[in-house]
Structures are given as structure tokens and as C-alpha cells.
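The structure appears right after this line, and notes come after that.
This chain uses plain numbering: 1 for the first residue, then up along the sequence.
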Amino acid sequence: MVPEGRGPLVAGGVLAAAAFAGTLLLAVTDSHTAPYIAANEYARMLRQLTAVMPAGGYDNDPVGDTRALRDPDLLGTPEAVKVYRACRQGRPVAVAFAVVAPDGYGGPIRLMVGISAAGVVSGVRVLHHRETPGLGDDIETRHSDWIESFRGTFRGAPPDKDWKVKRDGGVFDQFTGATVTPRAVVAAVHRALVFFQRHRDELLHGDPPPPPATTPGDPS
């Protein structure tokens, strides 16, 4: 029996013990699950990169070779975007990064675009979208191979003016009953190529090259 007047103290002690036990349980659980979560995240990212990088063309771990660049106009997000770099014998051979098509029919469409060091698209995959099932979701490889039509394209092939769906006078197919979705994806992939061309040295080598040294009297 609890002596009179000490009931609140006992109740408080029980609550404190329960809180401590709960915190300890969460800490133990987290320490055991964190490695599995990290391993799953690594495997997921590696699958995404493998799908858009040149097959067998690199020998480094692109998941761990990253840098971050920001270009809201071309990447479709104000946030810095992580760029993954693939290398072979220490030489960069390709990069992959996410780009957002903000003008999808169901909202923003998030893509992963792989581009070789020569500026050629090595693959594109859809990471997230809310397009209409049965119509707009043909941008996914499990529904059609349309997204593969970008493989091998580069800035200039097709020319910038032709980076449109055929209904708009371009060279890319649209889907029956769904033009908005492929139109948004085509434009986003084209912006990714422009982004690569604009930031090529930073993407492949890290820092932009220093300006050429000049001496007094040099023409400029």
C-alpha cells in the first residue's frame, strides 16, 4: 500500500521508468535496423543508376561519387541536385542526375537521366509521377518502351527545334489520348542535356576550369 501523499511521486516514477524503457527500446531498434535501411537505400539507388548508365562501362561506385549542383531553370527544382558520376580507370565516363518535369498532366514528373561524357543520353527512367493510369503511365518501362527513345540522343541530334512530340512538330511520339505527359518528359530530357552542356566541367571533373592566366600586355 502506498503511504498517503506519496501516490503522485510513485506515479511519476513509473512514468519516467516507462519513458526510459521506451527510449532505450527505440535506440536499440534503430541501431539494429539502420544498417538494413542504408543497405536497401544503396541497392535502390544502384538499380536506378544501372538503368541509365552505360552497361559495363565503369568500374567505380557511382553511388558514392557525387557532387551537388543547383540550376532551378533547367533541373525543375530550386534544391541542389545530387549528381552521380561513373568512372573507368579514374576517368569520368558518364553522369546521372534527377530532373523534374513540372508540367505533367498529374503534377511534377521526376526523372533520372544518364548522360555519357560525350554528351549522349545513355538512359532515362521515371522515378515518380501521378499521370493517368493506362494513358500517361506509358512513360514507365513496365508499360511501354517509349522512354527508350531518348537513348542515343544528344544536343543537336535531334536539333533543339525538334525536341517536341510529333503533334507539336517534333520527332518524338506522343501517346494516344495523352500528349501532355510525353510533351513534359521530352522537354525535361532536353533541359537535362542543356544542363549537362552548360555544367560539363563541373559535372565530370568537379570544379570549373580556372580562367586562362594573363600577363600585363596580353590582349584580352
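A donor-acceptor contact shorter than 3.5 Å links the side chain of R70 to the backbone of P78. Checked by atom type and distance alone, the side chain of W163 never pairs as donor or acceptor with a backbone atom of V186 at under 3.5 Å.
Every pair passing salt bridge (Lys or Arg N to Asp or Glu O under 4.0 Å) that includes a residue from residues 172-190 is listed here, sequence neighbours excluded: K166-D173, D168-R183. For residues 8-29, there are no salt bridge (Lys or Arg N to Asp or Glu O under 4.0 Å) pairs, not counting sequence neighbours. Residue pairs meeting the salt bridge (Lys or Arg N to Asp or Glu O under 4.0 Å) criterion with at least one partner in residues 11-23, sequence neighbours excluded, are absent. Residue pairs meeting the salt bridge (Lys or Arg N to Asp or Glu O under 4.0 Å) criterion with at least one member in residues 113-139, sequence neighbours excluded: R125-E148.
Here D61 pairs with Y42 under the side-chain hydrogen bond (donor to acceptor under 3.5 Å, both in side chains) rule; sequence neighbours left out. Among residues two or more places apart in sequence or in another chain, the side-chain hydrogen bond (donor to acceptor under 3.5 Å, both in side chains) test is passed with R44 by E41. The ring pair (Phe, Tyr, Trp, His ring centres under 6.0 Å) search around F195 returns F97, H199, not counting sequence neighbours. Residues satisfying the side-chain contact (heavy atoms from CB on, under 4.5 Å) test with R142, not counting sequence neighbours, are E140. Looking at residues two or more places apart in sequence or on another chain, you find no side-chain hydrogen bond (donor to acceptor under 3.5 Å, both in side chains) involving R47. Under the rule for a side-chain hydrogen bond (donor to acceptor under 3.5 Å, both in side chains), T132 has no partner lying at least two apart in sequence or in another chain.
Residues M112 and V189 fall into different hydrophobic clusters, defined by Ile, Leu, Val, Met, Phe, Trp and Tyr side chains chained together at heavy-atom separations under 4.5 Å. Using a 4.5 Å cut-off between side-chain heavy atoms of Ile, Leu, Val, Met, Phe, Trp and Tyr, with links allowed through other members, V99 and V185 fall into the same hydrophobic cluster. Linking ILVMFWY residues whenever their side-chain heavy atoms come closer than 4.5 Å, directly or via other members, places V194 and F150 in the same cluster. Residues M53 and I147 fall into different hydrophobic clusters, defined by Ile, Leu, Val, Met, Phe, Trp and Tyr side chains chained together at heavy-atom separations under 4.5 Å. When the side chains of ILVMFWY residues are joined at heavy-atom separations under 4.5 Å, either directly or via intervening members, V81 and L49 end up in two distinct hydrophobic clusters.
The minimum heavy-atom distance between A188 and L111, with the atom names listed, is CB-CD1, 3.8 Å. The minimum heavy-atom distance linking S122 with P54 is given by the pair OG-CD, 3.9 Å. Taking both residues in full, the closest heavy atoms of T66 and V63 are given as CG2-O, 3.4 Å, listed atom of the first, atom of the second, then distance. Minimum interatomic distance between P158 and V171 (heavy atoms only, all atoms of both residues): CG-CG2, 3.7 Å.
The closest side-chain donor-acceptor pair between Q197 and R155 falls under 3.5 angstrom.
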Could you walk me through whether R151 and V124 satisfy the side-chain contact (heavy atoms from CB on, under 4.5 Å) test, starting with their C-alpha distance in whole Å, then the side-chain angles of each, then the deciding distance to 0.1 Å, before giving a yes or no? CA-CA 7 Å; R151 191 184 295 272; V124 181; over 6 Å; no
Show your working on side-chain contact (heavy atoms from CB on, under 4.5 Å) between V121 and L193 and close with a plain yes or no. CA-CA 8 Å; V121 175; L193 282 171; 3.7 Å; yes
Could you check H128 against I109 for side-chain contact (heavy atoms from CB on, under 4.5 Å), going step by step and ending with a plain yes or no? CA-CA 6 Å; H128 176 77; I109 302 170; over 6 Å; no
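Between F196 and V95, some side-chain heavy-atom pair lies under the 4.5 Å cut-off. Between T153 and V120 there is no side-chain heavy-atom pair separated by less than 4.5 Å.
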Pair up each side-chain donor or acceptor in residues 83-94 with any protein partner under 3.5 Å, not counting sequence neighbours, and list the distances.
from, atom 1, to, atom 2, distance (Å)
R85, NE, D65, OD2, 3.3
R85, NH1, L204, O, 2.4
R85, NH2, D65, OD2, 3.3

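With values rounded to the nearest 0.5 angstrom, L203 atom CG is found 12.0 Å from R198 atom CZ. For the atom pair CD of Q174 and OG1 of T179, the computed distance is 5.0 Å after rounding to the nearest 0.5 Å. Rounding to the nearest 0.5 Å places CZ of F154 at 10.0 Å from OG of S116.
The other members of the hydrophobic cluster of Y105, by chain and number, are V180 (side-chain heavy atoms under 4.5 Å, ILVMFWY only).
With ring centers used as reference points, F172 lies 6.0 Å or more from W146.
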